[in-house]
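Contents: one structure, followed by commentary.
Sequence lines set the chain letters: A, B, ... in the order given, protein chains first and strands last, and positions in each chain run from 1.
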Number of protein chains: 2
Amino acid sequence: MGSVEKKMPRINERLATSGLRLTPQREHVYDVLLAERDHPTAEQVFLRAKKDMPDISMATVYNCLDALVTSGLVKQVNLDRGATRFCPNMHEHCHFYCESCGGVYDIGLTRARPEVPMPRGFKATHLELSIRGLCPDCAARKK
Amino acid sequence: MGSVEKKMPRINERLATSGLRLTPQREHVYDVLLAERDHPTAEQVFLRAKKDMPDISMATVYNCLDALVTSGLVKQVNLDRGATRFCPNMHEHCHFYCESCGGVYDIGLTRARPEVPMPRGFKATHLELSIRGLCPDCAARKK
DNA sequence: TTGAGATTTAGAATTATTCCAAGTATTGAC
DNA sequence: GTCAATACTTGGAATAATTCTAAATCTCAA
């Protein structure tokens, strides 16, 4: 972390524009997401968050994650039937889902985003790209 | 439907190559998906399937959907925190998710698929594109 | 016809998420 | 600063979605 000076005003302001407050719990949940960018589930966030904030509750973790998502600081990632995952990387990127281990990885998008012709009436706000396959570890193991 | 001649051998063969059998339940669940292409959840499939096959059970619907997915006849669609949806359209297309009503629509892809440079070691099997926004009805209503 | 293996079924169990009510904290008006 | 209004956190209950289990049934091939 260590970027409190830069992170703090941003997160505060982002929450504020959605009518939400910056609380110790929300900041901590955000820090947990920033610390290990492996797209954890709410449950994993809860376990990690408890290390430094033992009294935080599951309900609060869900609340914080929702607050971060609605204020545009975090992305919600749904790639399979399992639990929703969370991603604090708001740069344009896509997700790679390993069909063997279930891991999720960020993949940078260098090229221009794909153009999709919208049928009449549809208003697109944004576009998501995901890729399924084998991550390096699983690919090596299957060889 | 009425395309039994064309549908039957295909579904049978597809299931067979995954070591699965064509059963009345599996065929019926597939027909339900083909009949109304609104990306129903397992629950909705269950309710529709019961109309013509009153004794079918929820567990069987899940089993059938899994069988159809693993044999490549149906796609599983996960766009939000809610229940998984199912799509029998196996042509290249992407999904539009309406953030207001939760509806899911197929959008044809006319252009070439986007190119994404894979980091070393990742083996991509396929690529999924989804678009979020407002469907025509909801867009009109919000005007 | 028989036996092995696949499938269906109802219901229990599990997992993921949301809801609720009570207590606590924060903010703005005064 | 004080007070009321509002937002937030919490534990636990409730709900929703999915998976598991064990027994009955079916199908295929020998």
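Side-chain N/O atoms of B/Thr84 include one lying less than 4.0 angstrom from OP1 or OP2 on D/dT18. For A/Asn63, no side-chain nitrogen or oxygen approaches OP1 or OP2 of D/dC8 to under 4.0 Å. At C/dT15, none of the side-chain N or O atoms of A/Arg81 fall inside 4.0 Å of OP1 or OP2 (strictly under the cut-off). For D/dC8, one of the phosphate oxygens OP1 or OP2 lies less than 4.0 angstrom from a side-chain nitrogen or oxygen of A/Arg26.
Against DNA chain D, the stretch residues 47-62 of chain A makes heavy-atom approaches under 4.0 Å through A/Asp55, A/Ile56, A/Ser57, A/Ala59, A/Thr60.
Taking atom CG on B/Leu20 and atom C1' on D/dT27, their separation rounds to 14 Å, with Å as the unit. Counting to the nearest Å, the C1' atom of C/dA10 and the CZ atom of B/Phe46 are 10 Å from each other. In this structure, CG of A/Asp66 is placed 16 Å from P of D/dA7, rounded to the nearest angstrom. Distance, A/Leu15 CG to C/dT27 P: 13 Å, rounded to whole Å.
Listed nucleotides C/dT9, D/dA17, D/dT6 differ in distance to B/Glu43; the shortest reach to its side chain belongs to D/dA17. Checking C/dG5, D/dT9, D/dA17 against every side-chain atom of A/Thr23, the shortest atom distance belongs to D/dT9. The side chain of A/Gln25 has D/dT10 as its nearest neighbour among D/dT10, D/dT27, D/dT6.
Residues B/Tyr97 and B/Tyr105 place their aromatic rings such that the two centres sit no closer than 6.0 Å.
We find that A/Arg132 and A/Asp80 are not joined by a salt bridge, their nearest charged nitrogen and carboxylate oxygen being 4.0 Å or further apart.
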